[in-house]
There are 2 protein chains.
Amino acid sequence: MKVSASSSGQILLYIGLLGFALLGLLQRKPSSGYELRKVFTDTPMGTFSDSPGAIYPALRRLEKGKLIRGRVEKTSELRQRKIFRPTSAGFSALSAWLTQPVGRADVVHRINELMLRFAFLDTAAGESATVAFLQSLHAELSSYIPTLKQFLATSVAKMPTSGRLALESGILGYEARLVWASRAIVTYRDKLKSR
Amino acid sequence: MKVSASSSGQILLYIGLLGFALLGLLQRKPSSGYELRKVFTDTPMGTFSDSPGAIYPALRRLEKGKLIRGRVEKTSELRQRKIFRPTSAGFSALSAWLTQPVGRADVVHRINELMLRFAFLDTAAGESATVAFLQSLHAELSSYIPTLKQFLATSVAKMPTSGRLALESGILGYEARLVWASRAIVTYRDKLKSR
DNA sequence: TAGCCCATGTAAGGAGTTACATGATTAG
DNA sequence: CTAATCATGTAACTCCTTACATGGGCTA
């Protein structure tokens, strides 16, 4: 989902994966553009570009779309920085994006986007939404993996060894994620019980 | 690696991941643009776009760069199709791309590209090159995974549960690939021995 | 003869990449 | 005082996306 209707109707606003990543980070902690860049350069978070040529224009798009608002603030340091924080429309847009249903196409083509969504889910949409997400991810993986194995079995004869192994690597990756999803569900269930 | 010098010097030619994917598929089997599209729509191969607006321009770029050559051929069917096949310069470019060293940045940011390279390695560059690739991938993963665990351990306190779990999912994915790489090395060793 | 798959394209638009530019502040 | 880091941006290039266009051949 790349496009979201602005609250005023009419104009369509491009957000993009980078935009949602920024929105999610800002929801967690209001930050300057530079701090956001640092997250991408210094942490294993996603495969997002740390280039100012991507981040600053994306921030301006979000601001023009009224999803975030930036203000120059003095922190404890002398240096001034423009701190961005989501507007209420921004929180809504983020939440809507996070709580979309998980489909087969997401698992096949947009697994990184799914993991990004997950990373923001509990703080932005609550733990029950997180569990729901994990359950639908689990269901989608459970139905997808057999089709991959099917494909492997029927076409193994026509494929070179490396092609076969590459596909097996993909299958192993999905299986690892399936196991992880089960464990993550248990983690949240335990958290809910212990309260 | 997105750019490659043309054999005539001077002009730089953009290839891109899609270009190499096409080149690799053509090396395996000369095909028409439509057949190549079908690979992306019908098989689990990569996350490449099946849109003609991406594939046909990419083919033309490759042809202009003399890495492939298209000829209208009559197959058994009446219908005419333009069949592309790599030139010798195309084989060289593919081989050079495939046999690049595997670095940390590849593992962190371009794991999909690595798997694509692997998928073409044995038919295009031979089995010893494939084993070398797997070994350097294995080494890179072995050194990278501990740093991720380190990061997780030191920042677990500051992260929300979902952030922690998302990172763990990434680690599990890398570990699965590490196990896979070991097994793939054994597979090729066995193949070499049994000859 | 209508509709669907084959097969190849083009056009408009926007986003990301790379590279450059600009200052202020701090460390050595 | 020099260099590195902080902090924010702009410009050119070009690739991809979405959508539309064009026909030939096959099938019901």
Side-chain angles (χ1 to χ4, degrees), chain A residues 1-4 11-22 30-42 46-65 68 70-84 105 109-110 112-113, chain B residues 1-4 11-22 30-42 46-65 68 70-84 105 109-110 112-113:
Chain A
M1 165 165 293
K2 297 179 159 184
V3 165
S4 150
I11 303 154
L12 289 179
L13 167 67
Y14 178 88
I15 301 182
L17 204 50
L18 176 59
F20 283 113
L22 295 172
S31 314
S32 68
Y34 192 78
E35 281 176 308
L36 293 167
R37 264 188 81 190
K38 278 319 195 68
V39 174
F40 298 143
T41 47
D42 298 346
T47 318
F48 295 99
S49 91
D50 60 334
S51 94
I55 287 176
Y56 289 106
L59 285 172
R60 232 172 306 129
R61 280 198 297 280
L62 289 174
E63 197 171 25
K64 243 172 45 179
I68 63 175
R71 243 186 315 179
V72 176
E73 293 181 13
K74 304 185 141 69
T75 56
S76 56
E77 288 134 37
L78 293 176
R79 195 164 304 182
Q80 287 193 338
R81 297 171 314 159
K82 198 172 186 182
I83 305 289
F84 293 95
H109 295 296
R110 287 182 291 273
N112 285 339
E113 180 172 342
Chain B
M1 164 165 294
K2 298 179 158 186
V3 166
S4 150
I11 303 155
L12 288 179
L13 167 69
Y14 177 88
I15 301 183
L17 204 51
L18 176 59
F20 283 112
L22 295 171
S31 314
S32 68
Y34 192 77
E35 282 176 307
L36 293 167
R37 264 189 81 190
K38 278 320 195 67
V39 174
F40 298 142
T41 47
D42 298 346
T47 318
F48 295 100
S49 92
D50 59 334
S51 94
I55 288 176
Y56 289 107
L59 285 172
R60 232 173 306 130
R61 280 197 298 280
L62 290 174
E63 197 170 25
K64 244 173 44 183
I68 63 174
R71 242 187 314 180
V72 175
E73 293 181 14
K74 303 185 141 71
T75 55
S76 55
E77 288 134 35
L78 293 177
R79 196 164 304 182
Q80 288 194 338
R81 297 173 314 161
K82 198 172 186 183
I83 304 289
F84 293 94
H109 295 296
R110 287 181 291 273
N112 285 338
E113 180 172 342

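These figures come from a predicted structure and were not determined experimentally. Lettering of chains follows the sequences in order, A, B, ..., and the numbering in each one begins at 1.
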Point to revise | Presence of Arg61(A) side-chain N/O under 4.0 Å of dG14(C) phosphate oxygens OP1/OP2 | key: no

**Study point:** Interatomic distance where CD1 belongs to Ile55(B) and P belongs to dA19(D) [whole Å]
**Key:** 17 Å

Review point. Below 4.0 angstrom from OP1 or OP2 of dG9(C), is there any side-chain N or O of Arg37(B)?
Key: no

Practice item. Kindly say whether Asp50(B) contributes a backbone atom to a donor-acceptor pair with the side chain of Arg37(B) at under 3.5 angstrom? Key: yes

Exercise for review: Give a yes/no on whether any side-chain N or O of Tyr56(A) is located under 4.0 angstrom from OP1 or OP2 of dG9(D).
Suggested key: no

Check your understanding: Closer than 4.0 Å, any side-chain N/O of Tyr14(B) to the OP1 or OP2 of dT14(D)?
Key -> no

Check your understanding: Does Tyr34(B) make a side-chain N or O approach to OP1 or OP2 of dC6(C) shorter than 4.0 Å?
Key -> yes

Review point. How is Gly53(A) classified with respect to the nucleic acid when contacts are heavy atoms under 4.0 Å: base, sugar-phosphate, or nothing?
Key: base

Check your understanding: Quick one: is Lys38(A) getting a side-chain N or O under 4.0 Å of the dC6(D) phosphate, OP1 or OP2?
Key -> yes

Exercise for review: Verify the contact: side-chain N or O of Ser32(A) to OP1 or OP2 of dT8(D), cut-off strictly under 4.0 Å; return yes or no.
Suggested key: yes

Study note, to complete from the structure: To the nearest 0.5 Å, atom CZ of Arg60(A) lies from atom OH of Tyr56(A) at 10.5 Å

Practice item. Return the value, rounded to whole Å, for the distance between atom CZ of Arg71(A) and atom P of dA7(D). Key: 19 Å

Point to revise | Closest listed nucleotide, where the reference is the side chain of Ser51(B) and the choices are dT10(D), dC16(D), dT17(D) | key: dT17(D)

Practice item. Using atom CZ of Phe20(B) as one end and atom P of dC15(D) as the other, report the distance to the nearest whole Å. Key: 13 Å

Exercise for review: Could you state the atom-to-atom distance from CG of Leu59(A) to P of dT10(D) in whole Å?
Suggested key: 12 Å

Review point. Are the side chains of Leu59(A) and Leu36(A) in touch, meaning some heavy atoms are under 4.5 Å apart?
Key: yes

Practice item. Would you kindly compare Glu35(B) and Asp50(A) by the position of their nearest DNA chain C nucleotide and give the one closer to the 5′ end? Key: Glu35(B)

Review point. Is Arg81(A) near enough to dA24(C) that one of its side-chain N or O atoms lies under 4.0 angstrom from OP1 or OP2?
Key: no

Check your understanding: How far does CZ of Arg61(B) sit from CG of Leu18(B), to the nearest 0.5 angstrom?
Key -> 7.0 Å

Study note, to complete from the structure: Taken to the nearest whole Å, CZ/Phe40(A) to P/dT17(C) is 11 Å

Review point. Starting at the 5' end of DNA chain D, which residue's closest nucleotide do you reach first, Pro57(B) or Pro52(B)?
Key: Pro57(B)

Point to revise | Any Ser49(A) side-chain nitrogen or oxygen under 4.0 Å from OP1 or OP2 of dG16(C) | key: no

Point to revise | Separation of dG14(C) P from Leu13(A) CG (nearest whole Å) | key: 12 Å

**Study point:** Side-chain heavy atoms of Ile68(A) within contact of Glu63(A), under 4.5 Å
**Key:** yes

Check your understanding: How close or far is atom C1' of dA11(C) from atom CZ of Arg60(B), stated in whole angstroms?
Key -> 12 Å

Practice item. Specify the separation, in whole Å, of atom CZ of Phe84(B) and atom P of dT8(C). Key: 7 Å

Check your understanding: Does Phe48(A) reach the side chain of Leu17(A), with side-chain heavy atoms less than 4.5 Å apart?
Key -> yes

